[in-house]
Protein chains: 2
Amino acid sequence: MFFLIGLGLGDAKDVTVKGLEIIKKCSRVYLEAYTSVLTVGKEALEEFYGRELIIADRDCVEQDADSILSEAANEDVALLVVGDPFGATTHTDLVLRAKQKAIPYQIVHNASIMNAVGCCGLQLYCFGETVSIPYWTDTWQPDSFYHKIKSNRIRGLHTLCLLDIKVKEPTLESMTKKKKEYMPPRFMSVNEASQQLITIIENERKHLKPEFMQKSPLAYTENTLCVGLARVGSPLQKIFVATLKEMSETDLGAPLHSLIICGEIQPLEEEYLEQFLSGSCSSSSFKDHAGTSACLF
Amino acid sequence: MFFLIGLGLGDAKDVTVKGLEIIKKCSRVYLEAYTSVLTVGKEALEEFYGRELIIADRDCVEQDADSILSEAANEDVALLVVGDPFGATTHTDLVLRAKQKAIPYQIVHNASIMNAVGCCGLQLYCFGETVSIPYWTDTWQPDSFYHKIKSNRIRGLHTLCLLDIKVKEPTLESMTKKKKEYMPPRFMSVNEASQQLITIIENERKHLKPEFMQKSPLAYTENTLCVGLARVGSPLQKIFVATLKEMSETDLGAPLHSLIICGEIQPLEEEYLEQFLSGSCSSSSFKDHAGTSACLF
């Protein structure tokens with residue numbers, strides 16, 4: 001049987017009782033290590049589970065998936081993933097392949113950032129479409145998420161931005177070589193994401209004619225209220241409420257980070273967010289975000 | 001200390017290891033029993049935890065919150081909630097009150113329907129705003145969610161519909177009496193929700209002029225593809241893919257149910273959904289839901 005087990009977001013003890021029982025009885029247990037990370041490493045998990053784990057990087061999960069699944073045809077094999085198993089497309093694909101091969105499977109759900117983000121006090125039903133912000137390179141600077149944020153903001157909805165992770169990415173130089181060399185892992189921080197978001201509106205301002213700007217204002221400005229979240233669900237969790245500009249100058253420490261671009265703020269949300277306000281950001285900052293969408297931009 | 005612990009969605013073993021350790025050491029443990037339910041009852045939980053639970057109904061959580069929190073000022077008190085603690089506004093409010101009273105608190109996250117819904121194969125980042133569908137009465141038939149579904153569908157996004165739950169609702173006759181009498185609990189099924197959704201478009205058709213309909217088509221029709229989900233995360237989980245009309249005639253059994261109104265369907269999503277297709281609904285049903293939003297209506 002093939003088990004896909006969500007580990008939640010914080011540390012070793014965020015696994016469910018059901019998940020732990022399965023981990024203990026499986027003959028092989030893989031730990032997926034490239035779509036997300038916990039605040040503890042493989043060793044801490046091995047110690048807590050009392051068993052060995054096999055690191056499964058992108059190549060292993062995406063290219064050698066068939067060999068993992070063939071093992072599961074004869075014995076109990078588990079793949080552990082941070083958050084919930086259906087948070088990443090690659091895991092959905094894996095379950096589909098198991099189904100096609102008639103290998104029985106079981107999913108064990110857990111918290112993911114998609115629901116745990118509620119810890120900042122913004123209500124989950126006030127979020128629009130979630131976006132992903134990728135690392136830009138000199139030659140590749142996609143910004144399709146900008147228009148999604150805009151659609152959300154026009155409707156008064158918050159936008160959860162999932163920030164890029166680069167784990168075991170081959171260096172450009174080694175791409176054509178037999179023996180790949182890897183870059184050190186990178187996890188996008190809220191300040192890096194905020195800087196990219198500011199660059200996008202700076203470019204918009206350069207390229208849009210003033211009369212067009214009035215008809216179709218920017219999706220957000222440097223003064224738009226944002227929520228930065230780091231290490232959600234762990235004892236080291238940090239939440240910071242500030243303008244986008246301030247967020248671009250803020251260091252929330254170790255990964256993982258997520259960023260929310262606020263839409264309209266409801267009274268209960270405002271009251272809750274106030275505890276996380278940055279020093280320079282007074283509660284009057286909420287004023288622009290309350291009420292009608294006319295105040296949004 | 002005050003602990004707010006998510007129980008996940010399925011049965012007793014979906015609690016996290018962290019959550020279970022806290023439950024065992026608290027002096028009082030409340031079980032919130034009106035915003036959602038597990039597939040097992042209080043007794044099964046008590047047996048698994050090896051301790052007594054106190055049922056906390058709406059009156060208890062919303063009106064006697066202060067007394068629960070005062071207890072937490074002197075001893076360890078936990079409130080258990082189905083899903084994730086931040087799924088319902090009332091829990092956010094409770095944490096805020098704890099903060100205001102300077103009572104230390106800890107949150108233990110878990111899966112909620114907001115992320116576990118990925119089990120049907122629709123990708124979480126392709127969902128728009130989540131809506132709630134309330135039970136209609138003879139005199140109260142709100143349909144504000146209709147416009148939210150429409151905004152999502154115009155953008156090609158799926159809509160997760162959370163379905164109403166009525167637990168320990170006083171009967172109309174007893175509202176003014178000292179001793180309240182309660183209606184039997186009700187959990188909206190996917191067929192009930194689908195019937196209400198169909199009634200809304202039937203009304204729209206009656207009231208809109210044909211020329212207006214062409215400019216602004218309906219948010220969905222009886223032929224729109226939907227996904228019905230029942231008891232997500234439990235061994236009795238059931239997923240059913242059908243048109244809205246078929247869904248209105250389908251019985252998915254015991255609660256809880258959720259309904260998704262599909263937007264545009266991506267290839268991987270289509271491949272995954274096919275396993276849950278109703279007999280009369282062929283894979284050509286996806287055709288209307290793929291590609292450009294022009295095909296959406």
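As a basis for the values below, the full set of heavy atoms in this structure was taken, side chains included, without hydrogen atoms, waters or symmetry mates. What you are looking at is a predicted structure, and each value in this text was computed from that prediction instead of being measured. Order of the sequence lines fixes the chain letters, A, B, ..., with proteins taken first and strands second; residue numbering starts at 1 for each chain.
Annotation: the span from A:L157 atom CG to B:K148 atom NZ amounts to 8.0 Å, rounded to 0.5 Å. Separating the CD atom in B:E269 from the OG1 atom in A:T92 is a distance of 9.0 Å, to the nearest 0.5 Å.
Annotation: side chain of B:L162 is not in contact with side chain of A:Y125 (no heavy-atom distance under 4.5 Å). Residues B:V17 and A:T16 have side chains not in contact (no heavy-atom distance under 4.5 Å, counting atoms from C-beta outward). Residues A:L124 and B:T130 are not in side-chain contact: their nearest non-hydrogen atoms beyond the backbone lie 4.5 Å or more apart. Under the 4.5 Å side-chain criterion, counting only non-hydrogen atoms from C-beta, B:N152 is in contact with A:R155.
Your options are A:S151, A:S132, A:G8, A:G6, and the one with the most heavy-atom pairs under 4.5 Å with chain B is A:S151. Among A:A116, A:G83, A:G128, the residue with the largest count of heavy-atom pairs under 4.5 Å with chain B is A:A116. Contact count against chain B (heavy-atom pairs under 4.5 Å) is highest for A:H109 among A:H109, A:H91, A:Q106. Per-residue heavy-atom pair counts under 4.5 Å with chain A were compared for B:V108, B:V95, B:L9, and the maximum is reached by B:V95.
In the displayed structure, B:E47 atom CD is contacted under 6.0 Å by at most 12 heavy atoms of other residues, nucleotides or ligands.
At a 4.5 Å heavy-atom cutoff, the contact between B:L20 and chain A is made by side-chain atoms alone. For A:Q275, the part lying under 4.5 angstrom from a heavy atom of chain B is the side chain only. Residue A:Q123 touches chain B through its side chain alone, counting heavy-atom pairs closer than 4.5 Å. Only the backbone of A:F127 comes within less than 4.5 Å of a heavy atom in chain B; its side chain stays farther off. Heavy atoms closer than 4.5 Å to chain B are found in the backbone of A:A88, but not in its side chain.
What you find for B:T89 and A:L268 is that their closest heavy atoms are CG2-CD2, 3.1 Å.
Using a distance-only test at 3.5 Å, with no hydrogens or angles considered, no donor-acceptor pair links the side chain of B:D84 to the main chain of A:S112.
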